[in-house]
2 protein chains.
Amino acid sequence: MSPIAQITTKEVVAAAALFKLLGDPTRTSLLYALLEAGELYVSDLALVTGNSESTVSAALRLLRASGVVTGRRDGRKIWYRLSDDHVRELLNVTREHTAHNDSDAQEQS
Amino acid sequence: MSPIAQITTKEVVAAAALFKLLGDPTRTSLLYALLEAGELYVSDLALVTGNSESTVSAALRLLRASGVVTGRRDGRKIWYRLSDDHVRELLNVTREHTAHNDSDAQEQS
DNA sequence: CCGACATCTGAACAGGTATTCAGATGTTAG
DNA sequence: CTAACATCTGAATACCTGTTCAGATGTCGG
């Protein structure tokens, strides 16, 4: 559909950085949990994803710094949510992909 | 649109692995080059992306092992192309994203 | 068969990064 | 103010991974 435009080095680096951010099991699990639930706070995220609260907090720090998630303070709790529709789309497309390609790698002669 | 389904740990790991695979500047540049050109061989990819042929070859090895790219032998050259529409979509969505979010991180109070 | 081309491979070094731990910060209830 | 809760932070360790280098493999033209 859309014409293929020449992509700049800067854009490539930015794209790689975004993918890299999503390419960690801890962060990925947090993002999918948020994609499902809409909004969760740290303790819940720790329980749901099976990580320590410190680990979750550190992961959220990175996601927050890149604007992928947003925190909303409610008393002592801080509710986090995905703050970017593009990321939602990436998560959905990838879920479809992994649903079809169950095995790690498919080989060909 | 689609109902949010509970995602399994296995799927999360697979999703993270895919994102991780895309989250390297060298590999990302190769993929965007292939997205633009359709099909390229190693030497060209090395020139276009500014990497050594060894580096490109090693990167393609990983991409090939995960079925993201496919190689087609034509004499001494091997033409590589993206072998997955989902990946094309991921690349396009991310390009849109990075086009809108030029700066690395956006802060909020 | 030979030489040049195109690509691949394995080992080693270097750089980046996620987790843990202990403790600091901020928040609420009484 | 104090105690308990919720989250964040920084430093240190350990792990993973990408690049380089030298050379191996496979392919073509004559």
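So that the names make sense, note that chain A is the first sequence line, chain B the second, and so on, each numbered from 1.
For the salt bridge (Lys or Arg N to Asp or Glu O under 4.0 Å) test, no residue two or more places apart in sequence or in another chain qualifies with B:Arg76. Applying the side chain to side chain contact (heavy atoms under 4.5 Å, CB included) rule to B:Lys20 yields no partners; only residues at least two apart in sequence or on another chain are considered. In this structure, the side chain to side chain contact (heavy atoms under 4.5 Å, CB included) partners of A:Ser43, at least two apart in sequence or on a different chain, are A:Tyr41, A:Glu53. With sequence neighbours excluded, the residues forming a salt bridge (Lys or Arg N to Asp or Glu O under 4.0 Å) with A:Arg72 are A:Glu39, listed by chain and number. Residues meeting the side chain to side chain contact (heavy atoms under 4.5 Å, CB included) test with A:Ala15, sequence neighbours left out: B:Thr28, B:Tyr32, B:Thr94, B:Thr98. Residues satisfying the side chain to side chain contact (heavy atoms under 4.5 Å, CB included) test with B:Asp85, not counting sequence neighbours, are B:Arg88.
Using a 4.0 Å heavy-atom cutoff across all strands shown, B:Leu62 reaches sugar-phosphate atoms only and no base atom. Contact annotation for B:Asp24: backbone-only contact, meaning every heavy-atom pair under 4.0 Å involves sugar-phosphate atoms and none involves a base.
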Exercise. Base, backbone or nothing for each nucleotide of nucleotides 3-8 of chain D, written B, S, -, heavy atoms under 4.0 angstrom, 5' to 3'?
Worked result: --SSBB
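Without hydrogens or angle criteria, A:Thr55 side chain to A:Asn51 main chain gives no donor-acceptor distance under 3.5 Å.
The hydrophobic cluster of A:Leu47 has no other members, since no ILVMFWY side-chain heavy atom comes under 4.5 Å of it.
Side-chain N/O atoms of A:Lys20 include none lying less than 4.0 angstrom from OP1 or OP2 on C:dG16. For B:Thr26, a side-chain nitrogen or oxygen approaches OP1 or OP2 of D:dT19 to under 4.0 Å.
For the helix from C:dC1-D:dG30 to C:dG30-D:dC1, the terminal axes (five pairs an end, C1' atoms, rotation from four pairs onto the next four) enclose an angle of 40°, given to 10 degrees.
Rounded to an integer number of Å, the gap from CG of B:Asn51 to P of D:dT20 is 8 Å.
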